[in-house]
Amino acid sequence: MDNTELAEIFDRIASLLEIKGEIPFKTLAYRRAAESLRNLGEDIHQFQSHSPLSTIPGVGKAIAQKIEELLNTGQLAFLHRLEEEIPPSLLEILDISDVGPKKAALFWQTAGIANVDDLEEAAREGRLRDLSGIGIKTEAHLLEGIRTYRHSKRRVPLRIAHKLVEPWLKWLKEQPNVSQVQIAGSMRRWKSHIDELHVVFACENSKPVIESLSTRKGIRRVLAQGVHRAAFELEDGLRLQVWSQPQERFGSLLQFATGSNMHNVRLREFAQHAGFSLSERGLLGRDGVEYLCAGENEVYEKLGLPCIPPELREDHGEIQAAAANALPDLIRFEDLTADLHMHTSRSDGEDSMEEMALAARAAGRRLIAITDHSFILKMGKKLLFDLLEEQRAEMVQLGNKFGDQLTLLHGVEVDILSDGTLDLPDEMLQKLDIVVASLHFDLKQPRHVITQRLVRAIRNPYVDIIGHPSGRFLPDFEGADLDWETVFSAARECNVALEINANPSHLDLDERQARRAAHRGVLLSINTDSHAPRQLGREQGVAVARRAWIESRQVINAWSLQEILSWLKTRKNK
DNA sequence: GCCGTTTTCGGCCCGACTGTTTTCAGTCG
């Protein structure tokens with residue numbers, strides 16, 4: 001039973017209680033506990049060994065007991081009882097748009113509908129319209145909703161979402177009376193995967209704009225359409241939500257639409273204490289005076305808070321931190337002086353060392369490490385030695401050309417073999433400026449085996465950085481089953497940096513592991529792992545770090561040139 | 001069910017939109 005499984009159980013309880021008609025505060029409590037568990041970052045068993053469960057935010061006595069029961073027995077009597085009252089198959093219909101707990105309960109109690117198939121059949125036969133509160137329109141909408149539920153559940157990587165949203169932004173910007181257009185939602189928070197496109201715009205008279213938008217090519221279905229808001233299902237299966245307010249309220253709108261929903265709930269609670277009612281329209285004081293916010297900063301300012309960066313707005317403690325003036329000074333892409341993991345055409349990259357160096361310089365880097373794969377070079381010691389010598393010579397020449405514009409390091413990305421040894425001998429590693437060691441195969445070893453394998457690599461005195469530590473490859477492989485606390489301890493002890501790999505298929509460490517690692521005092525290294533010059537501008541590694549509350553001092557790539565070089569030097573001398 | 005810049009008891013976010021309503025409940029973000 002891991003953190004994710006526990007979280008899913010509490011979400012399930014919340015949904016069942018909603019259908020049962022339990023008060024919303026109770027179900028919210030279960031959802032908050034679920035979210036908290038999901039983002040704990042530390043394995044729950046491990047956590048339990050040093051801290052009481054009730055110290056987890058949102059976990060009180062009752063939920064702590066349930067967690068314990070689950071950890072001890074793998075079962076939960078409370079959930080069993082609940083599932084005897086309400087068929088669990090009913091939960092799937094909550095995923096249909098416009099179906100919430102009340103309708104689900106109605107379908108179940110008055111028509112015996114317990115799953116999506118039942119619901120579809122009843123709708124087709126026109127039986128739903130007889131239920132109280134349901135008419136012909138709702139019945140038709142439900143049928144469409146079921147079709148969408150079956151065929152177009154989609155989640156796309158952030159960079160794809162940017163491509164998809166671009167034409168809508170462009171069109172909105174061209175409309176008369178539209179003064180500002182901005183991406184909001186999870187895209188603005190830099191989540192790695194996006195299931196809805198959220199856009200806000202400032203406009204005095206938004207009705208005609210929204211009317212015109214709703215007839216655009218690319219829209220399959222209008223889900224809702226009003227004066228300030230509209231929701232569409234796009235041809236490609238994603239949803240597009242747009243909101244509008246006049247310019248003088250745009251800051252409030254942007255804050256609202258950026259979310260997350262849980263962050264907004266917390267912020268509104270906080271606003272209550274400060275004597276305000278907060279909404280997307282503005283702040284309403286108890287005295288009835290309304291405060292409009294044209295800029296998003298003003299919303300937080302008026303509440304006495306510093307502006308919270310969108311990446312932190314997940315209800316992971318950011319409001320408390322802001323109130324205590326203890327928000328992290330998040331790392332920025334411009335802070336990166338170095339990129340310490342990239343490939344050239346000598347291994348599986350597309351371009352020469354020189355092309356990569358030029359692109360890195362253009363992207364603002366002052367220092368790069370060329371780290372071609374050892375497995376390409378692995379062809380007999382003599383030949384390998386020659387190849388490395390050749391590469392070194394090329395680098396010296398190139399280094400002269402760049403002068404102090406760009407410093408080049410000669411490195412390698414070695415494979416960590418199944419037993420934790422490396423696929424190049426120490427006497428070769430010793431001669432290199434920097435060594436990245438990575439897991440590339442045999443990733444499904446049992447937890448203790450693969451953990452010890454990684455720890456052994458960390459303990460190799462010539463290893464400086466562990467590349468994409470979990471070896472995950474999205475969307476198909478979530479990464480090795482590692483005991484992270486053990487990995488973090490070893491990395492910290494050996495002064496080895498763990499990578500946040502910016503390749504969108506890796507993003508590894510992920511944000512939860514990265515936050516935990518930084519908290520444990522482990523050094524991090526954000527690298528693009530570029531295989532082509534265009535990839536050197538990858539920003540998503542920094543996004544992961546920002547979502548993990550990480551500051552620049554915790555990332556070796558953001559240190560000065562001298563600091564990085566002396567860190568490497570101390571490591572070589574140890 | 002959780003939690004304490006008002007609280008260990010009594011609170012707990014807010015508005016837009018829709019459909020079926022005859023004044024509002026449900027859903028959503």
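Chain letters run A, B, ... following the sequence lines, proteins first, then strands; residues in each count from 1. Scope of the values below: all heavy atoms of this structure, side chains included, with no hydrogens, waters or symmetry mates. Since the model is a prediction, treat every value here as computed from it, not as a measurement.
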Participant: CZ of A/Arg268 versus P of B/dC28: gap in Å, rounded?
Facilitator: 17 Å
Participant: Could you tell me whether the side chain of A/Arg547 and the main chain of A/Arg512 form a donor-acceptor pair under 3.5 Å?
Facilitator: no
Participant: What's the closest nucleotide to the side chain of A/Arg239 if the choices are B/dA16, B/dG1, B/dC28?
Facilitator: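 Comparing B/dA16, B/dG1, B/dC28 against the side chain of A/Arg239, the answer is B/dC28.
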Participant: Please work out which of the three classes, parallel, tilted or perpendicular, describes the rings of A/Phe276 and A/Tyr291, given edges at 30° and 60°.
Facilitator: perpendicular
Participant: Considering every strand and a 4.0 Å limit on heavy-atom distances, what is the contact class for A/Pro24: base, sugar-phosphate, or nothing?
Facilitator: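 The residue A/Pro24 makes no contact with any strand.
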Participant: Kindly assign one of parallel, tilted or perpendicular to the pair A/Phe473 and A/His506, based on the angle between their ring planes and the thresholds 30° and 60°.
Facilitator: perpendicular
Participant: CD of A/Glu18 versus P of B/dT27: gap in Å, rounded?
Facilitator: 9 Å
Participant: A/Ile134 CD1 to B/dT20 C1': how many Å, rounded?
Facilitator: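 The answer, rounded to whole Å, is 9 Å.
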Participant: Quick one: look up who B/dT8 pairs with, Watson-Crick or G-U, both distances under 3.5 Å, and put none if it's unpaired.
Facilitator: none
Participant: Measure from NZ on A/Lys61 to P on B/dC9 and round the result to the nearest Å.
Facilitator: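 So the NZ-P distance, A/Lys61 to B/dC9, works out to 13 Å.
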Participant: For A/Phe10, does the six-membered ring have the charged nitrogen or CZ of A/Lys66 within the cation-pi criterion, i.e. under 6.0 angstrom from the centroid and within 45° of the normal?
Facilitator: no
Participant: Return the nearest nucleotide to the side chain of A/Phe25; candidates are B/dC12, B/dT20, B/dT6.
Facilitator: B/dC12
Participant: How many whole angstroms separate atom CD of A/Gln272 from atom P of B/dG4?
Facilitator: 17 Å
Participant: Tell me which nucleotide among B/dC12, B/dA16, B/dG26 gets nearest to the side chain of A/His228.
Facilitator: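 Of the candidates, B/dA16 comes closest.
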Participant: Does B/dC14 have its OP1 or OP2 closer than 4.0 Å to a side-chain nitrogen or oxygen of A/Ser277?
Facilitator: yes
Participant: Among the nucleotides B/dT27, B/dC2, B/dG15, which one has an atom lying closest to any side-chain atom of A/Lys103?
Facilitator: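 So the side chain of A/Lys103 is nearest to B/dT27.
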Participant: Which listed nucleotide (B/dT27, B/dC28, B/dG15) is nearest to the side chain of A/Glu280?
Facilitator: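 Closest nucleotide to the A/Glu280 side chain: B/dG15.
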Participant: For A/Arg31 and B/dG29, give me the distance from atom CZ to atom C1', rounded to whole Å.
Facilitator: 14 Å
Participant: Rounded off to whole Å, could you give me the CG-to-C1' distance for the A/Leu223 and B/dG26 pair?
Facilitator: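 Distance, rounded to whole Å: 16 Å.
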Participant: Please tell me which of the listed nucleotides, B/dT18, B/dG29, B/dG1, lies nearest to the side chain of A/Gln225?
Facilitator: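 The answer is B/dT18, which lies nearest to the side chain.
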Participant: Within this structure, what is the CG-to-P distance between A/Asp195 and B/dC28, rounded to whole angstrom?
Facilitator: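 So the two atoms are 13 Å apart, to the nearest Å.
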Participant: When you measure from the side-chain N and O atoms of A/His141 to the phosphate of B/dG19, is any distance below 4.0 Å, counting only OP1 and OP2?
Facilitator: yes
Participant: What's the closest nucleotide to the A/Ala62 side chain, out of B/dC2, B/dG29, B/dG19?
Facilitator: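 Of all the options, the side chain of A/Ala62 is nearest to B/dC2.
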